There are 2 protein chains.
Amino acid sequence: MLAGMSRRPLTTPRKHASQERSRATVDALVEATARLLVREGFDKASTNRIAQEAGVSVGSLYQYYPSKEALVAAVIDRHNGELMQVVRAALVEVASLPIEKALRRLVATAIDAHRVDPKLHRVLAEQIPRTGRLEKIATFNREYFVLFRDFLESHRGELRAVDLELATFVCVTSIEALTHTAVLHRSEMLSDERAATLVDEATRLMVRYLR
Amino acid sequence: MLAGMSRRPLTTPRKHASQERSRATVDALVEATARLLVREGFDKASTNRIAQEAGVSVGSLYQYYPSKEALVAAVIDRHNGELMQVVRAALVEVASLPIEKALRRLVATAIDAHRVDPKLHRVLAEQIPRTGRLEKIATFNREYFVLFRDFLESHRGELRAVDLELATFVCVTSIEALTHTAVLHRSEMLSDERAATLVDEATRLMVRYLR
DNA sequence: GAAATTTGCGAGCGATCGCTCGTATTGTCT
DNA sequence: AGACAATACGAGCGATCGCTCGCAAATTTC
């Protein structure tokens, strides 16, 4: 009878807070988790430490999140939300542009997106075990994938004959890798003039591939 | 006198085994680590479990490796060695080919390389914290980078005017991301005919970018 | 074959982990 | 005001972690 409603570990919140007080607790927990992830890394971010950092007891933590993974998942969701907001806006803004200008803008946006909260982004990208309960990270890429395919489809006139799925895969994967690596591992590439040439190159890569 | 030669956590082996018996122990440990990483993942691969899996005592483990990270680093080194062997061979073999054929071959090789021990490769790529003591993973990419730059340099005649460093960055990052993602997350892309078209597309991406 | 060295062993230490549960506090409703 | 629910607390459980250390066995050296 005691909590027998799920047979495997949860990554979803336990109950949603109804009073204002508890909503503050939940927020504090998520924020504390993000701070700790950045400051100490995934491994050292234990539930006890998270609760302490949030100024909340462990007991309260477990009232709302069944596990550390659930908490991290919440952080991921929030971060992905911010990223997608930036990306979605750019894709809308760009829908009517000729493909070259559009792609240039999208590349620049991808770089910007990686700069939203780079330290957190880096931890999420590099320290979160992507197997087991936390494959949630892939969510972002999947949504980006769909949006980008629609973008390509609406510009089909400017494209050579090509499998849209495949072209999307190639473009999304390449752009993501290039911008991610540049921002997080080659920050020297982003010093004003050099940033512009990087965008030029990435744009050229896409444009000449697509047509 | 007792092992006071380093002031921070080691990832290098402690002493090198002189007798044959101990060399067998070391091998068993590294192999057990690899098996356990694949079967259980990085987190569950504790030193106690590794020793057990190797049929060896924890004490013996710590005679040769000062930490779990050191052991994992040994596994990484071995795996990287195998990959580099494949890649180096291809780069030599390809040196005198025209750039399109060369690139096609290199892309195919990159896919093969990811197939050497895919399960291990996946764990190493996705579960090993890349900050702290274990940034060793980057070693492979750095060596690949240098070799690929030399390759481009020797084909300069077939290239447009371009910053070689930058072009290398773009190519290596893209190829790595495409092949890695295809092999480890989109295995359906590699079913005979589809594999060929993937290679076609990646090759086209590179060739049209470079000239 | 005795002494010295290398190698192997594993119980068990202190620390930390995820997590529960009985209790105290705060808020809501009538 | 009193009753009841929601929220917060934190000591402390059992498990596991990384790792040490004293001792036994195997091997080399003399």
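Computation of the quantities below employed the complete heavy-atom set of this structure, encompassing side-chain atoms and omitting hydrogens, waters and symmetry-equivalent molecules. In this text, all values refer to a predicted model and were calculated from it rather than measured experimentally. Within every chain, numbering begins at 1; the chains are lettered A, B, ... in the order of the sequence lines, protein sequences first and strands thereafter.
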Calculate the interatomic distance between B/Y62 atom OH and D/dC17 atom P; express it in whole Å. 11 Å
Pairwise salt bridge (charged side-chain N to carboxylate O under 4.0 Å, His left out) hits with a residue in residues 194-207 of chain B, at least two apart: A/R160-B/E201, B/R104-B/D200
Tell me the interatomic distance from B/L61, atom CG, to C/dC9, atom P, rounded to whole angstroms. 11 Å
Could you state the atom-to-atom distance from OH of B/Y64 to C1' of C/dG8 in whole Å? 8 Å
For atom CD1 of A/I50 and atom C1' of C/dC19, their distance in whole Å: 13 Å
Only counting residues at least two apart or in another chain, list the ones meeting salt bridge (Lys or Arg N to Asp or Glu O under 4.0 Å) with B/D163. none
If you look only at distance, which donor and acceptor atoms sit under 3.5 Å apart when one is on a side chain in residues 145-155 of chain A and the other is two or more places apart or in another chain?
from, atom 1, to, atom 2, distance (Å)
A/R149, NE, A/E165, OE2, 2.8
A/S154, OG, A/F151, O, 2.9
A/H155, ND1, A/F151, O, 3.0
A/H155, NE2, A/A95, O, 3.4
A/H155, NE2, A/L97, O, 2.8

Which residues, if any, of residues 35-47 of chain A bring a heavy atom under 4.0 Å of DNA chain C? A/S46, A/T47
Grab the N/O contacts between the protein and nucleotides 9-11 of chain D below 3.5 Å, and write none if there aren't any.
from, atom 1, to, atom 2, distance (Å)
D/dC9, OP2, A/S57, N, 3.0
D/dG10, N7, A/S57, OG, 3.4
D/dG10, N7, A/G59, N, 3.4
D/dG10, O6, A/G59, N, 3.3

When rounded to whole Å, the CD to P distance for the pair B/Q52 and D/dC17 reads 11 Å
Ring pair (Phe, Tyr, Trp, His ring centres under 6.0 Å) pairs, two or more places apart, involving residues 33-58 of chain A: none
Give a yes/no on whether any side-chain N or O of B/Y65 is located under 4.0 angstrom from OP1 or OP2 of D/dC19. no
Taken in chain and number order and not counting sequence neighbours, the residues that satisfy side chain to side chain contact (heavy atoms under 4.5 Å, CB included) with A/A54 are A/A28, A/L29, A/A32, A/V56
Give me each pair satisfying ring pair (Phe, Tyr, Trp, His ring centres under 6.0 Å) with a member in residues 175-195 of chain A, each pair once, sequence neighbours excluded. A/H114-A/H180, A/H121-A/H180
Using the salt bridge (Lys or Arg N to Asp or Glu O under 4.0 Å) criterion, which residues pair with A/E53? Sequence neighbours excluded. A/R35, A/R39
Any chance the side chains of B/Y65 and B/T47 put a donor and an acceptor closer than 3.5 Å? no
